[in-house]
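Proteins come first, then strands; the chains are lettered A, B, ... in the order of their sequence lines, and each starts at number 1. Just so it is clear, the structure is predicted and the values come from calculations on it, not from any experiment.
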2 protein chains.
Amino acid sequence: MARLPFNQQVRQAREDAIVDAVNRQLAGKGFDLMTMDEVASEVGIAKASLYKHFDSKEALAAAAMKRLLGRAQAELDRIEAQGLPTPLARLEAVVRWTMRVQLDGEMPSLPSQNSSLRAALMADMAYLGQLMAVSERLGHWITEAQSQGQITTAVPAEVVLYTLFARACDPVLGVLKAGGHAPDQVIEWVMATTFGGLATR
Amino acid sequence: MARLPFNQQVRQAREDAIVDAVNRQLAGKGFDLMTMDEVASEVGIAKASLYKHFDSKEALAAAAMKRLLGRAQAELDRIEAQGLPTPLARLEAVVRWTMRVQLDGEMPSLPSQNSSLRAALMADMAYLGQLMAVSERLGHWITEAQSQGQITTAVPAEVVLYTLFARACDPVLGVLKAGGHAPDQVIEWVMATTFGGLATR
DNA sequence: GTCTATATGAAGATAGAC
DNA sequence: GTCTATCTTCATATAGAC
């Protein structure tokens, strides 16, 4: 690791603080309702200063998403290092992690249908690269689990992947939590419906 | 059925056309990105005229949601009349219907986290009443299916209910459809993951 | 009830001094 | 790079004539 000059360390720390705030805003109210004014005031800087660090609101959201994907990769590393016995166990561990992040209020939620944001993300090579990297690692675990008979082959691996991704922004989690249930309980319930299904076996 | 005076029939037809447009907008871009200007122009009337029929943007969305719930109840009637052999079969039929509606671009999607809209809906007794009616009918089928051993008792009926509701706005449907898969195929895949789960049996 | 025209406010983005 | 002050756009909602 090359040591950065002090100035750049300060800049990096500030941008981290900004992305922190953005992440909270995205998790709490979503992209459309997030305002640059509120982000700025939460960080404690002027709105104009935000634009010295990030070109646009979309760029802010993209930064939050990229940091999340970075953390996801670190989590995948951690899970791999854990030496779990099966690919299914690894997939379960990832899903538990994403649900934990969401229940902790740290999952930036992108409205699935915002054209300006979607366009910005689809043009962001760093973002796309990270997304593909995560998808490919998970895809590998999925096909492995399928070939070992742990994950159903009734649907293609692609469908399994999207289903797992969807748990990261599943509104059921929030509803159950709002209903007064403990986060651990909520997670186990949704794990049960996701992997076990609703019908009896 | 009492016959309405002609004037009121016209008014009703116009409001139906408005709610049609709102429904399309909500399905396509969601509440936050829907604008009164666009709704008005789609209906072919002036924006100010909208406000003669509905008090606010929130009221428009609420009207669309109430009509959807009305249609859901009609669908529940239809399913009951079909004489399906088990409560599980009835639940499967409902979920297929909601997914079909979404894939047809007719499912108004409310951002789960919009305070002004949530507040308006929670203050709308007609909406709440319809929502409760639908929930209770489904809840009945669910407990019935659980007591007959068709639906898992590993999670409470409440969790089953929310899980079924969530399929109505599941982003996985859109992603798979955008990936070029036929709607019928998409629905059967998501049915399989929802009721069968991802893990092998 | 429908229209045109406008009030009002919010939010993304920028100018320009320091 | 940070600030204050401002520009610009756009969207909700309303005024007032017909």
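As rounded to whole Å, 12 Å separates atom P of dA11(D) from atom CG of Asp32(B). One interatomic measurement links the two molecules: CG of Leu50(B) to P of dA13(D), which rounds to 11 Å at whole-angstrom precision. Counting to the nearest Å, the P atom of dG1(C) and the CD atom of Glu15(B) are 9 Å from each other. In this entry the distance linking NZ of Lys52(B) with P of dA13(D) reads 15 Å, nearest Å. The CZ atom of Arg14(B) sits 12 Å away from the C1' atom of dC3(C) (whole-angstrom rounding).
Side-chain contact between Asp32(A) and Phe31(B) is absent, with no heavy atoms from C-beta onward closer than 4.5 Å. At least one side-chain heavy atom of Arg96(B) sits less than 4.5 Å from a side-chain heavy atom of Glu188(B).
The stretch residues 107-122 of chain A has no heavy atom under 4.0 Å from DNA chain C, so no residue of it qualifies as close.
We find that Arg71(A) and Glu75(A) are not joined by a salt bridge, their nearest charged nitrogen and carboxylate oxygen being 4.0 Å or further apart.
Judged by closest nucleotide on DNA chain C, His53(B) is the one of His53(B) and Ser56(A) placed further toward the 5' end.
Between the Arg167(B) side chain and the Thr98(B) main chain, no donor and acceptor come within less than 3.5 Å of each other. Checked by atom type and distance alone, the side chain of Arg90(B) never pairs as donor or acceptor with a backbone atom of Ile79(B) at under 3.5 Å. Although no hydrogens or angles enter the test, the distance criterion places no donor-acceptor pair under 3.5 Å between the side chain of Gln25(A) and the main chain of Val39(A). With hydrogens and angles disregarded, no donor-acceptor distance shorter than 3.5 Å links the side chain of Lys29(A) to the backbone of Ser115(B).
Atom OG1 of Thr86(A) and atom CG of Leu91(A) lie 8.0 Å apart (nearest 0.5 Å).
In the set dG1(D), dT14(C), dA13(D), dG1(D) carries the atom at the smallest distance from any side-chain atom of Arg11(A). Which of dT2(C), dA13(C), dT14(D) sits closest to the side chain of Tyr51(B) comes down to dT14(D).
Taking all atoms of both residues into account, the shortest heavy-atom contact from Val155(B) to Gln146(B) is O-NE2, 3.3 Å.
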Distances under 3.5 Å between nitrogen or oxygen atoms of protein and nucleotides 4-11 of chain C:
none

